[in-house]
Amino acid sequence: MRRKLAAGNWKMNGTKASLAELSAIPAAAGNSAEVLICPPATLIALAADSTPNIAIGGQDCHAAPSGAHTGDLSAAQLADAGASYVILGHSERRADHGETDTQVRDKTRAAWESGLTAVVCVGETLEEREHANTLEIIGGQLAGSIPDGATAHRLVVAYEPVWAIGTGKVPTMDQIAEVHGFIRARLERRFGAGVGRSTRILYGGSVKPSNAVEIFAVPNVDGALVGGASLKAADFGPIIEALNTAPMEA
Ligand code: PGA
């Protein structure tokens with residue numbers, strides 16, 4: 001059984017005052033879904049200390065354990081601050097910082113070495129969807145970005161079509177089902193049926209209270225990676241609720 005995961009990615013948003021939103025998230029008793037917030041690094045320690053019922057994650061880490069890398073953070077530092085997850089290979093990192101699959105794989109390995117669960121992001125651009133084979137693109141990203149030795153505890157995969165992020169555009173439910181089914185099959189083929197079946201696959205890209213119920217009913221969607229709608233408890237709360245009541249898959 002895969003435990004559903006509602007993950008919020010605050011990106012470069014939020015200051016200490018925003019932590020009030022965390023206490024307003026109904027993440028305590030009664031949730032069947034796990035709730036994760038990835039705030040900016042400046043807030044990780046504060047968030048981890050103030051909200052024991054919400055898992056806290058980073059938004060990136062360096063592949064090296066320490067050293068002369070001004071401005072970067074290691075996985076061990078994230079863990080030390082109280083993070084248990086880290087998002088890796090988000091399309092904004094791939095676009096803004098030119099991150100490659102190989103770099104994402106090295107970062108994922110570093111995350112595992114520090115005991116963090118890696119949320120590895122994959123997704124096609126609009127041009128790739130229109131002019132190439134989306135599944136081939138996703139297959140290449142999965143093969144290149146995930147190191148050997150994945151387990152369901154250490155890995156979460158997030159499918160985030162780049163054209164759906166922050167745009168209000170969402171793929172059809174059939175398109176989501178196709179890609180999630182493909183990712184599941186690839187994970188089973190590479191890591192074995194046990195790991196493949198128990199690894200969580202999140203959908204990300206313009207998830208909102210108004211579309212969450214429909215998205216969470218799609219097979220192989222084990223939760224969401226939510227950007228804009230995770231910033232306010234009034235939006236994220238109903239998304240968590242939709243996940244709590246979504247059908248469970250064996
Ligand atoms: P969005 O972002 O929910 O604002 O579209 C999702 C993400 O980038 O993880």
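Both ligands and their constituent atoms are indexed starting at 1 by order of listing.
- Ring geometry, Tyr203 versus His180: the interplanar angle falls from 30° to 60°, so the pair is classed tilted.
- Under the 3.5 Å distance criterion, the side-chain polar atoms of Arg93 are left unmatched by any main-chain donor or acceptor of Leu88.
- In terms of modelled atom types and a separation under 3.5 Å, the side chain of Asp222 and the main chain of Leu202 share no donor-acceptor contact.
- Residues satisfying the side chain to side chain contact (heavy atoms under 4.5 Å, CB included) criterion with Asn211, sequence neighbours excluded, are Val170, Val207, Lys208, Ile215.
- Classification of Arg105 and Asp148 as a salt-bridged pair fails, no side-chain N sitting under 4.0 Å from a carboxylate O.
- The pair Glu34-Lys4 does not meet the salt-bridge criterion, since no charged nitrogen lies less than 4.0 angstrom from a carboxylate oxygen.
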Pairs under 3.5 angstrom, nitrogen or oxygen on both sides, ligand 1 versus protein: list them out, please.
unit_1, atom_1, unit_2, atom_2, d
ligand 1, 2 (O), Lys11, NZ, 3.3
ligand 1, 2 (O), Gly227, N, 3.4
ligand 1, 3 (O), Gly227, N, 2.8
ligand 1, 4 (O), Gly228, N, 2.9
ligand 1, 5 (O), Gly166, N, 2.7
ligand 1, 5 (O), Ser206, N, 2.8
ligand 1, 8 (O), Lys11, NZ, 2.7
ligand 1, 8 (O), His90, NE2, 2.7
ligand 1, 9 (O), His90, NE2, 3.3
ligand 1, 9 (O), Glu160, OE1, 3.3
ligand 1, 9 (O), Glu160, OE2, 2.6

